[in-house]
2 protein chains.
Amino acid sequence: MSNELLLLGLLRSHQMHGYQLSEFLTRNLSTCTDLKKPTAYFLLGKMAEQGWIAEEQTQEGNRPPRRVYHLTTLGEANFQRLLRENLAAFEPVTMRGDAGLAFLDFLPPGEAAELLMVRRGGLAQALEQARSAPHHAGSLGLVLEHQVLHLQAELAWVEQVIAGLQREASTTQNK
Amino acid sequence: MSNELLLLGLLRSHQMHGYQLSEFLTRNLSTCTDLKKPTAYFLLGKMAEQGWIAEEQTQEGNRPPRRVYHLTTLGEANFQRLLRENLAAFEPVTMRGDAGLAFLDFLPPGEAAELLMVRRGGLAQALEQARSAPHHAGSLGLVLEHQVLHLQAELAWVEQVIAGLQREASTTQNK
DNA sequence: TTTTCCATGTAACTCGTTACATGATTTC
DNA sequence: GAAATCATGTAACGAGTTACATGGAAAA
């Protein structure tokens, strides 16, 4: 449902076509969703069928015609509902990356530390990217802020775990 | 793949049957995965077919026979591979809850604050639960520690957003 | 005695992905 | 002239869920 919410929310401000919506989501809201183009087209088709959004075909030159969507009254009502549902609910996040962490002590601490340093690299890069992302005004900016905060915390955490492993590795001398 | 890793990792310490594995995962590792019983059975069957694990049937009285699984050499090799892959990779987390945050300013600040206070309730409860969970030794404990840290950060973040909204609501006098 | 727990599994379904197909336009 | 971008979509597949079915044992 959060994918529908995102599409409706974006369409509420500016009418757009599928390609635009999909681009915008992967560019600026990849932290909330990772829906791909075919999924976006599918959802738009479904919501159009349900009467939540309406399309208007436009064409430029010989290019493929664009289906530009805008919210209907029904769509607006559903947007309001989905927004309230989403805000009130606490959706626990699933950390697939913690699966490995659970078995960290099956590896010699030195090697575990090295592997986590690779992870730290990816994490640092993601943080860098989030920090240098264009600032959006209003609540879109809030999402980015949240992401930066979260990545900072994650980075600090991984580094702490690495430090602990390195201490362990040096005391047991079996690096 | 992280589900396979979890199952293999647990089987590596103690041989278990599907029901046990599924229970353990939802009880103690719900933060890394939310796989359900049918999925667990399915994955176990698949891994058995691939020769990663082997089963031994046991029976107690008239109860349904248990399929108790243990790692094979091939399974051990794959566990090692999956563990290293998981530790080295940074898997970004998807925050479906941020979808609503992106459109926070479409709502009057007072109402937005109230909705988020409901969310805060669920969050606080989850934190409480994580804090009072039984302490597991070793790296299983690490996962729990991570979860507590994460939930604390989330709680602080939501409270900060709520505070901002309340300030806004009181200055614009349209609560 | 009714509910909960133990223990397994199947079938239908949902959501979303990847890969594929098309074709014009812009950029290098 | 080749590659990337714009713009749409279909088809096949995959992972995981929900609902259903079974039946004994333990607890309330």
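So you know, we letter chains A, B, ... as the sequences are listed, proteins then strands, and number each from 1.
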Proximity to the side chain of B/Arg67 - top-ranked nucleotide from C/dT8, D/dT8, C/dG16: C/dT8
Selected nucleotide, minimal atom distance to B/Asp34 side chain, candidates C/dT17, D/dT17, D/dA7: D/dT17
Atom [atom1] of [X] to atom [atom2] of [N]: distance rounded to whole Å?
X       : N      : atom1 : atom2 : answer
B/Glu4  : D/dG14 : CD    : P     : 14 Å
B/Lys37 : C/dG9  : NZ    : P     : 13 Å
A/Leu43 : D/dT8  : CG    : P     : 15 Å
B/His17 : C/dA7  : NE2   : P     : 4 Å
A/Leu6  : C/dG16 : CG    : C1'   : 15 Å
A/Glu23 : D/dA4  : CD    : P     : 15 Å
B/Gln20 : C/dA7  : CD    : C1'   : 11 Å
A/Leu25 : C/dT17 : CG    : P     : 11 Å

Positive for side chain to side chain contact (heavy atoms under 4.5 Å, CB included) with A/Leu10, one of A/Leu5, A/Leu21, A/Asn28: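 When A/Leu5, A/Leu21, A/Asn28 are each tested with A/Leu10, the side chain to side chain contact (heavy atoms under 4.5 Å, CB included) holds only for A/Leu21.
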Sugar-phosphate only, base, or nothing, as touched by B/Gly18 at under 4.0 Å among non-hydrogen atoms: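 Here B/Gly18 touches the backbone only, sparing every base.
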Sugar-phosphate only, base, or nothing, as touched by B/Pro38 at under 4.0 Å among non-hydrogen atoms: base
Less than 4.0 angstrom between a side-chain N/O of [X] and OP1 or OP2 of [N], yes or no?
X       : N      : value
A/Asn3  : C/dG16 : yes
B/Lys36 : D/dG16 : no
B/Tyr41 : C/dT8  : yes

Which atom of B/Leu101 lies closest to which atom of A/Asn86, heavy atoms considered: N-OD1, 4.5 Å
No-hydrogen, no-angle side-chain donor-acceptor test under 3.5 Å, A/Glu154 and B/His146: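 Result is yes, a qualifying pair exists.
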Gap between atom CZ of B/Phe106 and atom CD of A/Glu76 - 0.5 Å precision: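 Result: 9.0 Å between the selected atoms.
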Intermediate values then yes/no, side chain to side chain contact (heavy atoms under 4.5 Å, CB included), A/Glu4 and A/Phe79: CA-CA 8 Å; A/Glu4 281 90 338; A/Phe79 169 73; over 6 Å; no
